[in-house]
Amino acid sequence: MTDIETIMRTAPVVPVIVIEDVAHAVPLAEALVAGGLRCLEVTLRTPQALEAIKLMKQVPGAIMGAGTVTNEEELEDALEAGCEFIVSPGLTDTLGKAAVKHNVPFLPGIASSSDIMRGLDLGLTHFKFFPAMAAGGLPALKAMAAPFGQCRFCPTGGINLENAPEWLAFDKVLCVGGSWVAPKGEPDTAMIEAMAREAAGLKA
Ligand SMILES: O=C(O)C(=O)C[C@H](O)[C@H](O)COP(=O)(O)O
């Protein structure tokens, strides 16, 4: 089983994907992987999400994850669909314990020192700083990360090609998450592959 640090170091950007039509899933995944972004987070925000994950998993090179996982049932559904990592908007003891029990790479959302401490209590050290820009941006993450040298982060929420470099220049940031590389709707695969290449070329 790949660990969460390996997932986070696979590419500088983890696409955050919302699928509303399963016909879009495979072309989108193929374009993102061709552009160098292999870890793909499909949010469980739509009824099509789990079917999309199963289809995208068939794309050579794709490493599938589920986002917006908020409880153990959704975590188990995501694992059954073939996910290799789990992402959540926040961190509850119940969800954290379920992720540890299933031994799955888990990237829980945190926005405060107390969230981090709750994660440390569960044996977690890698976190999604979310909502990154709204929660204070890079100054907030740097201040919050200072007491927790053992922790590493994936900021997500309001991050784009323009501001990603400053986040990735912080040594405690291993990657960033963003929906900018995976716009909703029918994928313009050439455009998406080009955006993925730009994102993959960022330095973590
Ligand atoms: O619910 C989750 O688990 C998430 O994954 C939250 C998403 O990462 C952000 O909503 C993406 O924010 P934008 O890149 O600004 O669109």
Side-chain angles (χ1 to χ4, degrees), residues 1-8 10-11 13-33 37-111 115 118-119 121-132 153-157 174-179 181-187 192:
M1 169 72 74
T2 306
D3 65 17
I4 191 60
E5 174 125 353
T6 303
I7 295 282
M8 295 170 75
T10 299
V13 178
V14 176
V16 177
I17 298 165
V18 177
I19 296 288
E20 293 171 327
D21 179 342
V22 290
H24 301 159
V26 170
L28 176 61
E30 288 172 337
L32 289 167
V33 171
L37 302 181
R38 295 181 53 213
C39 291
L40 308 178
E41 177 196 329
V42 176
T43 66
L44 301 187
R45 300 181 189 177
T46 62
Q48 296 79 9
L50 292 172
E51 181 59 30
I53 289 167
K54 291 173 187 171
L55 293 171
M56 295 165 94
K57 180 126 178 102
Q58 307 310 313
V59 173
I63 300 171
M64 296 312 301
T68 321
V69 174
T70 62
N71 58 52
E72 183 165 10
E73 182 184 357
E74 289 172 346
L75 182 146
E76 290 174 342
D77 288 346
L79 294 178
E80 196 172 318
C83 285
E84 297 181 60
F85 65 98
I86 299 294
V87 184
S88 65
L91 175 58
T92 63
D93 288 351
T94 309
L95 181 59
K97 286 173 181 171
V100 170
K101 178 178 74 176
H102 288 281
N103 191 29
V104 58
F106 179 45
L107 197 57
I110 60 94
D115 292 344
R118 201 159 58 247
D121 283 350
L122 293 167
L124 304 170
T125 54
H126 292 59
F127 302 101
K128 177 174 89 175
F129 177 48
F130 172 76
F153 300 92
C154 173
T156 309
L174 302 185
C175 62
V176 299
S179 63
V181 289
K184 287 185 190 177
E186 183 167 359
I192 287 171

Inset, instruction - Decide whether H102 and E76 meet the rule of one side-chain donor and one side-chain acceptor closer than 3.5 Å. - result: yes

Inset, instruction - Count the heavy atoms belonging to other residues, nucleotides or ligands that lie under 6.0 Å from CD of E80, then report whether that count exceeds 12. - result: no

Legend entry - Salt bridge flag under 4.0 Å for residues R118 and D115: yes

Inset, instruction - Look at atom CD of E186 and say whether more than 12 heavy atoms of other residues, nucleotides or ligands are closer to it than 6.0 Å. - result: no

Inset, instruction - May I ask you to test the L95-T70 pair for a side-chain heavy-atom distance under 4.5 Å? - result: no

Inset, instruction - Output yes when K97 and E72 qualify as a salt bridge under the 4.0 Å nitrogen-oxygen rule, no when they do not. - result: no

Legend entry - Minimum side-chain heavy-atom gap T156-V176 below 4.5 Å: no

Legend entry - Heavy-atom check, side chain of T92 versus side chain of N71, under 4.5 Å: no

Legend entry - Exercise: do R38 and T10 side chains pair donor with acceptor under 3.5 Å: no

Legend entry - Passing option when C83 is tested against I63, L44, L50, I53 for side chain to side chain contact (heavy atoms under 4.5 Å, CB included): I53

Inset, instruction - Would you check if E41 and I17 make a side-chain contact, meaning some heavy-atom pair closer than 4.5 Å? - result: no

Legend entry - pair E84-M64: side-chain heavy atoms closer than 4.5 Å: no

